[in-house]
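Contents: one structure, followed by commentary.
Just the heavy atoms: all of them, side chains too, but no hydrogens, waters or symmetry mates, feed the values below. A, B, ... follow the sequence lines: proteins, then strands. Residue 1 opens every chain. Please read all numbers here as calculations on a predicted model, not as lab measurements.
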Amino acid sequence: MNETTPLVPVHVISGFLGAGKTTLLKSVLASEAFGDSAVLINEFGDVGLDDRLLGEIAEDAVLLSSGCVCCTIRGELSEALRRLLSRRQDGEIPAFKRIVLETTGLADPGPIASTITADPVLRHHLRPGTNLTLVDALNAVDSRAQHPVWEAQVAVADKLVISKADLVEEDTLAGLEAMLDTINPAAQRLGAEALRQPSDELFASGPHLQRFTPGQVKSWLGPWRKPPQHDPDHLGDIRSFRLGLEGEVDWTCLGIWLSMLLNRHGSDILRVKGVLHVQGDDRPVVLHGVQHTIHPPEHVEAWPSDDRRSELIFITRDIDAERVTQSLATFMDKVSDHPSPRILHA
Amino acid sequence: MCGLCGALGGESHWSTNIEDPEQAHFARRRARAYRVTLINRVLAPRRITIEDFQAASFVLATATGKREIVQDLGGVWLQAERMGGHELDPLDPAFLASLG
């Protein structure tokens, strides 16, 4: 665990074509709060990035020859990030506190995290930051129907912003919000003002905050709006559920189970995040993953109260809570040397 | 680094990230040994074994003597599937039934 060297977060602005990513980026760059940001974009837009335009990234997904599916990386992104660090080191560009990456509208942001965590250089300097996804209220339903990547963009979001909300009827907006609740009930929802006047809140509370106060531990898991009752039209094949684990968790056993699950079903585990009471450890451990990639888990200072129940949140494609619960419970019961926690799902 | 084979030490898999660097040596060795024990339980029905190699990687072996080296937990399952010829799916009731 890296407690002394501050790792630079790489925040990701994602969203389907026309959702307003460039507009948001323009606001971010105009804001004094984000003056010390380096920016990477996939494609040139009409936004004036002047000297802060530090690189252009082409889509380039490669599978490392070792064959580990956790190591799907985007080579061009990796090179662009390395170049950025080198130029900062050489004094060619000012020091920056964060990197903001705008993806193309058709990109799945999932592999960005693995690009950082799998790279032997980048992982010592950078960490995955906050995933912010913009959702176009006008075109959300059509985009979702025609492009599966839309769901992936929503599912990986730590924060969701609905754009063009003022251009649709209230009913349409309510329907969209219900749809977002089914796909990613744990994401924090930001209002339209986040687009016009972005504040520190925009990228706050990324997944790797060792400086969490105890009170932030559970809230980091997100608001968890109760998804509507099962409605196939709304839900499609996306499932989101929360597991509660009563009792200490055998971290080694959980890690083995989760790594097996991701090996076989990683592309259908759109998101997993959790706060865990690990055996023999007084401090909570936060766990966060997107598809095949689990970000380096970290300790948080302390539990907020006597309630030390572990929680795991899953967003999956066509994998339901019963299967996961049954699998984890059986696996821990049969494999671990220690008593298994009682697992409940909501 | 191992002086004999030149293997670089240290795991970078996420599952090793919460181990305490203050007591790195002993605690990590113990955690690694426990990890190997548990993986062996999982692989036993497939007649595949795993051994620690210089605390830097793992060696998977089949009953027929085929051996492959893998760097970390992320690579174990894919390689074990290749060697055993079967998927290792923790959501598969048959796989769960085969454990222990």
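- Atom CG of residue B:Asp89 and atom CZ of residue A:Arg264 lie 6.5 Å apart, to the nearest 0.5 angstrom.
- Residue B:Pro90 forms a side chain to side chain contact (heavy atoms under 4.5 Å, CB included) with just one option from A:Leu262, A:Leu261, A:Ile256, A:Asn263, and that option is A:Leu261.
- Of the listed residues A:Gly255, A:Ser259, A:Gly289, the one with more heavy-atom pairs under 4.5 angstrom with chain B than any other is A:Ser259.
- For the pairing with A:Thr252, the side chain to side chain contact (heavy atoms under 4.5 Å, CB included) check across B:Leu73, B:Leu38, B:Thr37, B:Val36 returns one residue only, B:Leu38.
- Atoms CE and CD, on A:Met260 and B:Glu81 in that order, are 7.5 Å from each other to the nearest 0.5 Å.
- B:Leu96 contributes atom CG, which lies 10.0 Å from atom CZ of A:Arg323 (distance to the nearest 0.5 angstrom).
- Looking at B:Arg41 and A:Asp337, a side-chain N of the basic residue comes within less than 4.0 Å of a carboxylate O on the acidic one, giving a salt bridge.
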Side chain to side chain contact (heavy atoms under 4.5 Å, CB included) evaluation trace for B:Leu99 with A:Val335: CA-CA 7 Å; B:Leu99 295 173; A:Val335 175; 4.1 Å; yes
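- B:Leu91 is listed as a side-chain neighbour of A:Ile319, based on a closest heavy-atom distance under 4.5 Å.
- Neither the backbone nor the side chain of A:Leu328 comes within less than 4.5 Å of any heavy atom of chain B.
- To the nearest 0.5 Å, atom CZ of residue B:Phe95 and atom CZ of residue A:Phe331 are 5.5 Å apart.
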